[in-house]
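Presented below is the structure to which this report refers.
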There are 2 protein chains.
Amino acid sequence: MSVKHALLALLEKPRYGYELRAEFEQRTGASWPLNVGQVYTTLSRLERDGLVEAGGTDAEGRSLYQLTEAGKVEVKGWFDTPVERTQPQRDELAIKLAVAVAVPSVDVGKVVQQQRNATMQALQGYRRQARSGAGDDLAGGLVLDRLVFAAEAEIRWLDHCEARLRRAAASSTAPEPVEGGDR
Amino acid sequence: MSVKHALLALLEKPRYGYELRAEFEQRTGASWPLNVGQVYTTLSRLERDGLVEAGGTDAEGRSLYQLTEAGKVEVKGWFDTPVERTQPQRDELAIKLAVAVAVPSVDVGKVVQQQRNATMQALQGYRRQARSGAGDDLAGGLVLDRLVFAAEAEIRWLDHCEARLRRAAASSTAPEPVEGGDR
DNA sequence: GAGTATGTATATACCGAGTATGTACCGCCT
DNA sequence: AGGCGGTACATACTCGGTATATACATACTC
């Protein structure tokens with residue numbers, strides 16, 4: 001849903017498909033490359049739904065799109081409504097660990113350690129990017145910061161998992177574990 | 001990709017479709033409800049790809065699925081390989097802000113504030129769940145912790161965005177902003 | 001100048017993820 | 001007997017995302 005609304009928002013002024021992709025990638029700092037094909041399929045769906053209409057061609061013959069009234073309302077609504085957190089994005093890593101703890105043949109501690117290394121490396125990559133000036137423009141900088149914050153949180157969570165796993169293993173022989181005292 | 005691999009991992013012993021959904025939802029603590037239909041479509045794709053095969057029916061006539069050799073290898077590979085962070089999940093909130101700062105008619109500060117409130121509320125919901133004992137079993141607890149950590153990181157990031165936006169607004173008249181000294 | 005890489009621009013086919021819906025069966029309740 | 005809800009499976013459909021095809025312009029090169 002994010003691509004759809006992002007394209008709508010970028011259509012504040014009439015633009016053509018290829019331009020939309022360039023704008024999107026520039027703003028998100030190339031962190032999320034956007035396939036051109038998706039721009040056109042999304043545009044045609046938006047046209048079908050009456051949020052966008054073809055607006056002729058520019059001097060170079062490129063076909064322009066522009067917002068309809070309904071489209072403008074949709075954009076406003078998107079910005080006025082916070083991103084849903086009631087049904088958060090399915091998270092592969094959390095699923096992986098949740099399943100792993102229930103499958104006896106998997107060494108969960110090892111999975112955690114491997115992930116920690118990988119995330120650490122990614123984090124260093126982001127910091128390198130930031131230092132190299134990729135985050136100097138405002139939008140791209142915020143996106144990069146977002147990735148940094150998320151990676152840091154992931155590492156904290158992995159450490160927390162390790163501790164909790166150790167505790168669970170230790171108390172598996174004890175009468176009854178007492179949970180909930182650490183949040 | 002996460003559902004596919006999670007189902008494969010749960011197939012350590014032969015199971016039937018409905019059971020797989022129940023197992024998945026129990027382990028992830030109902031944070032990510034899984035549509036039953038997706039279980040069956042995923043299973044048939046896995047069968048097509050030779051990772052899973054039909055294993056007859058149980059005493060109650062439910063059709064069982066089991067891992068093939070290739071399936072077992074796939075599961076092992078999944079657990080041995082950390083989750084990719086080179087092309088991170090597209091994040092609606094980051095995209096929203098990145099686009100918003102470039103669209104003059106949007107009050108970015110307001111968007112940030114609204115999101116902060118919404119995320120704060122979600123966070124309190126998670127903590128309530130944890131207190132009410134939803135996180136007492138290990139797997140579900142880790143998933144819930146993951147959501148808490150992610151929400152906290154999001155709030156930190158939103159605060160950081162506010163500060164950076166204020167600085168950008170202040171320095172838009174000044175000669176040249178100096179970035180990068182805050183990470 | 002012919003050939004060929006490269007970038008811009010659009011369009012379409014295809015697959016996987018996810019949702020909604022339909023159907024059948026079973027036990028339970030009144 | 002009829003209705004309700006839970007179990008179990010199946011299929012249709014939409015959407016997000018990738019790969020690919022096509023056309024045209026520019027630029028490089030042999």
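Protein chains get the first letters and strands the later ones, always in sequence-line order, with residue 1 at the start of each.
For the pair A/K110 (side chain) and B/F79 (backbone), a donor-acceptor distance under 3.5 Å is absent. Proximity of a side-chain donor or acceptor of A/R15 to a complementary backbone N or O of A/L10 within less than 3.5 Å is detected.
Taking atom CZ of A/R45 as the reference point, atom P of C/dA13 lies 14 Å away to the nearest angstrom. As a whole-Å value, the separation of B/K4 NZ from C/dA17 P is 7 Å. Taking atom CG of residue B/D91 and atom P of nucleotide D/dG17, one finds them 12 Å apart after rounding to whole Å. For the pair A/R48 CZ and C/dT12 P, the interatomic distance rounds to 15 Å; values are reported in whole Å. As a whole-Å value, the separation of B/L34 CG from D/dT7 P is 15 Å. Between A/D49 atom CG and D/dC13 atom P there is a gap of 17 Å when expressed in whole angstrom units. In this structure, B/R15 places its CZ atom 16 Å from C1' of D/dA8, rounding to the nearest Å. Taking atom CZ of B/F24 as the reference point, atom P of D/dA8 lies 18 Å away to the nearest angstrom.
Between A/K13 and A/E19, none of the side-chain N atoms (NZ, or NE/NH1/NH2) sits under 4.0 Å from a carboxylate O, so this pair counts as no salt bridge. For B/K76 and B/D80, the salt-bridge test passes: some basic side-chain N is under 4.0 Å from an acidic carboxylate O.
In a base pair of the Watson-Crick type (N1 to N3 plus N6-O4 or O6-N4) or a G-U wobble (N1-O2 and O6-N3), with each distance short of 3.5 Å, D/dC30 is matched with C/dG1.
Taking CG of B/L34 as the reference point, atom CD of B/E25 lies at 6.0 Å (rounded to 0.5 Å).
Nucleic acid contact for A/R90: sugar-phosphate only, since backbone atoms but no base atoms lie under 4.0 Å from a heavy atom of the residue.
A cation-pi arrangement is present between B/R21 and B/Y18, with the terminal nitrogen or guanidinium carbon under 6.0 Å from the aromatic centre and inside a 45° cone about the axis.
Relative orientation of the B/H5 and B/W78 rings is parallel, given thresholds of 30° and 60° on the angle between their planes.
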List every contact pair, protein side and nucleotides 9-12 of chain D side both N or O, where the distance is under 3.5 Å.
unit_1: D/dC9; atom_1: OP1; unit_2: B/S63; atom_2: N; d: 3.0
unit_1: D/dC9; atom_1: OP1; unit_2: B/S63; atom_2: OG; d: 3.4
unit_1: D/dC9; atom_1: OP2; unit_2: B/G17; atom_2: N; d: 3.4
unit_1: D/dC9; atom_1: OP2; unit_2: B/Y18; atom_2: N; d: 3.2
unit_1: D/dC9; atom_1: OP2; unit_2: B/Y40; atom_2: OH; d: 2.9
unit_1: D/dC9; atom_1: O5'; unit_2: B/Y40; atom_2: OH; d: 3.3

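Look at B/R21 and you won't find any side-chain N or O under 4.0 angstrom from OP1 or OP2 of C/dG18.
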